[in-house]
Visitor: 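Take this structure first; my questions come after.
Note that the structure is predicted; figures quoted are calculated from it, not measured. To find a chain, count down the sequence lines: A is the first, B the second, and so on, and within it residues start at 1.
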Protein chains: 2
Amino acid sequence: MMIRVMVVDDQALVRRGFSLVLDNEPDIEVVAEAGNGLEAIEAAREYQPDIILMDIRMPEMDGLEATARLLQEKRTEAGDTACRVIILTTFDPDEYVFRALQAGASGFVLKDIPPEALVEAVRTVADGGAMLSPGITQRLISQFAQKLGTGRNLAERLERLTTREREVLAAIADGKSNAEIAEALFIGPATVKTHVSSVLSKLGLRDRAQAVVFAYECGLATAGGRDVGF
Amino acid sequence: MMIRVMVVDDQALVRRGFSLVLDNEPDIEVVAEAGNGLEAIEAAREYQPDIILMDIRMPEMDGLEATARLLQEKRTEAGDTACRVIILTTFDPDEYVFRALQAGASGFVLKDIPPEALVEAVRTVADGGAMLSPGITQRLISQFAQKLGTGRNLAERLERLTTREREVLAAIADGKSNAEIAEALFIGPATVKTHVSSVLSKLGLRDRAQAVVFAYECGLATAGGRDVGF
DNA sequence: GGCCGCCTCCCCCTTTTGGGGGAGGCCAGA
DNA sequence: TCTGGCCTCCCCCAAAAGGGGGAGGCGGCC
């Protein structure tokens, strides 16, 4: 099964370089090239590559924007351009990584990686995996661990709460009013007030808004899962 | 510069296998082996390895616990055991990855990786990078992108707010009362009420607690940075 | 100039919230 | 058995929050 690759970079020489390296592999076929984001989107429609190697800095439309559009199409139209994107760049500021992953990229590697590693990255991503430069993986892990780590100290405070109180706190962190909590937990509104009071007092908080903050900070509530369809 | 490695696994055969592969490299030296977490901690103290390959499932003390203790020492005593840990396991449940990264591991690879890749992983981590199995990187990215992605739709609603209103929302998401917001923004409490009201009305929220939820969900506030020293 | 959006502040009002008690039932551990 | 923690609900009360107006100043835009 050939892996169909498209190379997107505004510098023709760079493009040819990558293409040659990849085309040299028996299981990889470079089916298209593009010089900017707009061309990339068109070419992707026409040639249906499996993998797109995308530069960031390009005229007309940069690689991040193009990636976002390509993968958004994929998500909405479903099955059209079911390709996966590897961002290939010389620079690695956090901001780019951030936006690249948000756009849906499956890889983020620096252009100075050895050719074999690039080939391996293409195979890995074609296989459903993801590949980041070691340093980037490192930072991603740090950020992740940080989010978990901070929860530690606060999670201890959480343990001073009874089961019911934690349930109430979770409901508060859901944006529910006391009446709604009562309904959700099948108890009276007065009881909810009691629980809310002990939650606030035990955690040293002043009002439910601070309780929501606390819930998010300690990991009881996490951004991303919720609908916010209040 | 030789990379000093320690291999920790309860199965002697597995241990020997990895050791042989690594010792065969000119720049890598296996300086110790251990059969469980306790031994690993002792041996690490004695042999000061740069890299520890750590299995998870082991008697006495598992690899995650050992990793956490080793790296906690490192953080507190500073400079003692300045090693980095690669978790090497047959299983890859999310839960393990989660805990491994929290413990401070710099790598998480499955035992079925090809020997060259393992060697490469050791070099990468010794070099300050991090290495995850492709599938794990993939999931880490998804989780990360999810947290960012949901912010998209909500961030649009955010743009309906004026600058001042966003400032007020941020203050609400900080757990501040109207009076505190007034003080922080150098405006009167009545003005704060006005802003809060328009924030709630523009975003379709009912109370400040929901506003806090919204702020976290859309990324205006993020878990991890705050003190919660209310 | 006139219009409009934004920021600022004021009034009055109702609802919610949070604090301070008290009280009964239930269950586990001393 | 009895004590203590937990869950449940009640009372009263003060403070805060939220909704509904109105109004003046200010800067941009047509």
Visitor: Got a sec, which residues hit side-chain contact (heavy atoms from CB on, under 4.5 Å) with A:Thr194, two or more places apart in sequence or on another chain?
Guide: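 With sequence neighbours excluded, A:Thr194 shows a side-chain contact (heavy atoms from CB on, under 4.5 Å) to no residue whatsoever.
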Visitor: Mind checking the CZ-CG spacing from A:Arg57 to A:Asp10? Nearest 0.5 Å is all I need.
Guide: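 Those atoms lie 9.5 Å apart.
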Visitor: Please enumerate all protein N or O atoms sitting under 3.5 Å from an N or O of nucleotides 15-18 of chain D, with distances to 0.1 Å.
Guide:
from, atom 1, to, atom 2, distance (Å)
D:dA17, OP2, B:Asn178, ND2, 3.4
D:dG18, OP1, B:Arg208, N, 2.6
D:dG18, OP2, B:Arg208, NH1, 3.0
D:dG18, N7, B:Lys193, NZ, 2.8
D:dG18, O6, B:Lys193, NZ, 2.5

Visitor: B:Tyr216 vs A:Glu217, test: side chain to side chain donor-acceptor pair (under 3.5 Å). Steps then yes/no.
Guide: CA-CA 10 Å; B:Tyr216 272 93; A:Glu217 292 294 335; 2.7 Å; yes
Visitor: Which residues pass the side-chain contact (heavy atoms from CB on, under 4.5 Å) test with A:Glu183, sequence neighbours left out?
Guide: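 Partners of A:Glu183 by the side-chain contact (heavy atoms from CB on, under 4.5 Å) criterion come out as none, since no residue qualifies.
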Visitor: Over the length of the helix from C:dG1-D:dC30 to C:dA30-D:dT1, how much do the five-pair end axes diverge, rounded to 10 degrees?
Guide: 40°
Visitor: Which pairs, with at least one residue in residues 188-205 of chain B and sequence neighbours excluded, count as a salt bridge (Lys or Arg N to Asp or Glu O under 4.0 Å)?
Guide: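 Sorted result for residues 188-205 of chain B: B:Glu165-B:Lys202.
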Visitor: Between B:Gln210 (CD) and C:dT15 (C1'), how many Å, whole number?
Guide: 15 Å
Visitor: Let me confirm one number: the CD-CD1 distance from B:Glu46 to B:Ile41, rounded to the nearest 0.5 Å.
Guide: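 Between atom CD of B:Glu46 and atom CD1 of B:Ile41 there are 14.5 Å.
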Visitor: Does A:Lys111 pair with A:Asp55 as a salt bridge, N-O distance under 4.0 Å?
Guide: yes
Visitor: Salt bridge or not between B:Arg45 and B:Glu42? Use side-chain N to carboxylate O under 4.0 Å.
Guide: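 Salt bridge: no.
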Visitor: Could you list, one pair per line, each protein nitrogen or oxygen that sits under 3.5 Å from a nitrogen or oxygen of nucleotides 6-10 of chain D, together with the distance?
Guide:
from, atom 1, to, atom 2, distance (Å)
D:dC7, OP1, A:Thr162, OG1, 3.3
D:dC7, OP1, A:Arg164, N, 3.1
D:dC7, OP2, A:Thr162, OG1, 2.5
D:dT8, OP1, A:Arg164, NE, 3.2
D:dT8, OP1, A:Arg164, NH2, 2.8
D:dT8, OP2, A:Arg164, NE, 3.0
D:dT8, OP2, A:His195, NE2, 2.9
D:dC9, OP2, A:Gly188, N, 2.3
D:dC9, OP2, A:Thr191, OG1, 2.6
D:dC9, O5', A:Thr191, OG1, 3.1
D:dC9, N4, A:Thr194, OG1, 3.0

Visitor: Using side chain to side chain contact (heavy atoms under 4.5 Å, CB included), reason through A:Val109 and A:Ile87 one step at a time and then give a plain yes or no.
Guide: CA-CA 6 Å; A:Val109 301; A:Ile87 300 291; over 6 Å; no
Visitor: Find the distance A:Leu161:CG to D:dG5:C1' and express it as a whole number of Å.
Guide: 14 Å
Visitor: As an exercise, state the distance from CD of B:Gln210 to CD1 of A:Ile172, rounded to the nearest 0.5 Å.
Guide: 12.5 Å
